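None of the values given here were measured: they were computed from a predicted structure.
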Amino acid sequence: MFWRVFFQCDQDHAADLGTALEDHASAVSWFESKDPDVWVVEAITTFEPKVEEVRNIISPACQTHNLEIPPLTIEELPETDWLEATWRNFPPQQIGRYYVYGSHTEPKPPEGSVTLEINAATAFGSGEHETTTGCLLTLDDLASEGQKFHKPLDMGCGSGILGIAIAKTWNISVVAADNDPESVRVAMNNAILNHCDALFSAYVSEGFAAKEVKDNGPYDLIVANILAGPLIEMAKNVSQNLTPNGKVILSGLLNRHREDVVNAYKAHGIRLHSLRTLNDWLALLLERR
C-alpha cells in the first residue's frame, strides 16, 4: 500500500520543504498548482505517515524561512501497478540528439539519434524532468560544437542517464557516483540495457570521497544534477578534481539559486559559460579558465 502526504506553499519555499522530506519518503515532488502563486509539495510513502511526525520533519525548514507549518493532508492511495502507470505516462522523447524511451514502447528514433533506454525505476532520471532535459541539451550543444572529452564524471548519477548519454555520444569510459546504493544498482543495470556497461562504472560515494572516484580523476567533464545546496557545498571538491579548461554541467537548481551557485564556483576559478532555463529550472555550463 502507498500513502500520499501533501501540502501547499509558495514557489520560493517549495524546493526547501520538499527536500526536507526526501530521506523519509519513497518519492518527493513539488509542482505548480492551477494557481501560479500556489505550489504543492507531495511525498509518497509505503507506510502510513503521522501528521505530527511530518510536522517535525519540515519544522526546521519552516523555522529557517519564518513560515507557519502548512496544513497537511494524508491519504491512502488506491491499489494499482505504479510502475506500469508510470510507464504509460512516459512516452518516448526526442531531446536534442537523444531519443529517450522505455522498454514498454517500440522505439522509432529518428536517424542519427543517440538512443537511451531508461525505464521507470527507483532512481531519479528519466529525461522527463526539466533538470535532466537541460543537462541532455547542454551535452548535445557540446557535441555539436565538436568538443572532445576523455575523462568524464557523472556525480549524483541517479538512473545513470547522463553518464550513459556521455558514454554513447563520445564512446568514452565514464565514472559515475551516487550516495544511494540503489541508484548505483539501477545505473549499472541501465548501462547494461544500453550496451555500454564496458564504458560505464558506477560507485557508491558521498561526493568525491570514494577511492575509485578520487583515483580516476582529474576529470575534463563533470556533470552534477543534484540540488543547489549540495552543488554549492561541493564547489571546492569539483575544482580540485577538474582539469585545466575542464567543463562542468550543473543542474537541479531553480533560477533563484543561480547567483549563489555561480559565485560558489567562481570563487574556485570555475566561471559560468552559458545557461539554459526550462520552467524556472536551470542547467549551467561552467568552465575553468
Any donor-acceptor N or O pair under 3.5 Å, side chains [X], [Y]:
X: Asp10; Y: His13; answer: yes
X: Tyr265; Y: Ser239; answer: no
X: Thr131; Y: Asn225; answer: yes
X: Gln94; Y: Ser113; answer: yes
X: Arg97; Y: Ser144; answer: yes

If you look at every heavy atom in [X] and [Y], which pair is closest and at what distance?
X: Ala25; Y: Thr45; answer: CB-CG2, 4.0 Å
X: Arg288; Y: Pro244; answer: CD-CA, 3.9 Å
X: Gly158; Y: Asp178; answer: N-OD2, 2.9 Å

Discussion item. Apply side chain to side chain contact (heavy atoms under 4.5 Å, CB included) to residues Val41 and Cys9 and explain how you reach the verdict.
Written reply: CA-CA 8 Å; Val41 177; Cys9 62; 3.9 Å; yes

Item to complete: Using the six-membered ring wherever Trp is involved, compare the ring planes of Trp170 and Phe149 and label them parallel, tilted or perpendicular (cut-offs 30° and 60°).
Response: perpendicular

Discussion item. Keeping Asp180 on the side-chain end and Glu182 on the backbone end, is there a donor-acceptor pair under 3.5 Å?
Written reply: yes

Discussion item. Run the side chain to side chain contact (heavy atoms under 4.5 Å, CB included) test on Ile226 and Met234 for me, step by step, so that the C-alpha distance in whole Å, both residues' side-chain angles and the decisive distance to 0.1 Å come before the verdict.
Written reply: CA-CA 11 Å; Ile226 313 177; Met234 70 169 53; 3.7 Å; yes

Would a single hydrophobic cluster contain both [Y] and [X], if residues Ile, Leu, Val, Met, Phe, Trp and Tyr are joined by side-chain heavy-atom contacts under 4.5 Å?
X: Phe47; Y: Val5; result: no
X: Val204; Y: Leu162; result: no
X: Ile166; Y: Met188; result: yes

If I take atom [atom1] from residue [X] and atom [atom2] from residue [Y], how far apart are they, to the nearest 0.5 angstrom?
X: Glu212; Y: Asp215; atom1: CD; atom2: CG; answer: 7.5 Å
X: Met155; Y: Leu231; atom1: CE; atom2: CG; answer: 10.5 Å
X: Ile164; Y: Glu117; atom1: CD1; atom2: CD; answer: 10.0 Å

Worksheet item: Going through the distances and angles, do Asp280 and Gln11 end up as a side-chain hydrogen bond (donor to acceptor under 3.5 Å, both in side chains)?
Response: CA-CA 10 Å; Asp280 207 34; Gln11 178 182 351; 2.7 Å; yes

Worksheet entry | Residues Glu52 and Lys50 bridged, charged N to O under 4.0 Å | no

Fill in: Residues Leu193, Ile118; criterion side chain to side chain contact (heavy atoms under 4.5 Å, CB included); working and verdict
CA-CA 8 Å; Leu193 198 62; Ile118 306 292; over 6 Å; no

Worksheet item: Can a cation-pi geometry be assigned to Arg4 and Phe2, taking NZ or CZ under 6.0 Å from the six-membered ring centre and within 45° of the ring axis?
Response: no

Does [X] reach the side chain of [Y], with side-chain heavy atoms less than 4.5 Å apart?
X: Val184; Y: Tyr203; value: no
X: Asn194; Y: Lys168; value: yes
X: Thr115; Y: Tyr101; value: yes

Item to complete: Please step through side chain to side chain contact (heavy atoms under 4.5 Å, CB included) for the pair Leu199 and Ser173, ending with a clear verdict.
Response: CA-CA 4 Å; Leu199 297 173; Ser173 296; 3.9 Å; yes

Worksheet item: Between Asp260 and His257, does a side-chain hydrogen bond (donor to acceptor under 3.5 Å, both in side chains) hold up when you go through it step by step?
Response: CA-CA 6 Å; Asp260 290 340; His257 298 132; over 6 Å; no

Item to complete: Please indicate whether Asn245 has more than 12 foreign heavy atoms, meaning atoms of other residues, nucleotides or ligands, lying under 6.0 Å from its CG.
Response: no

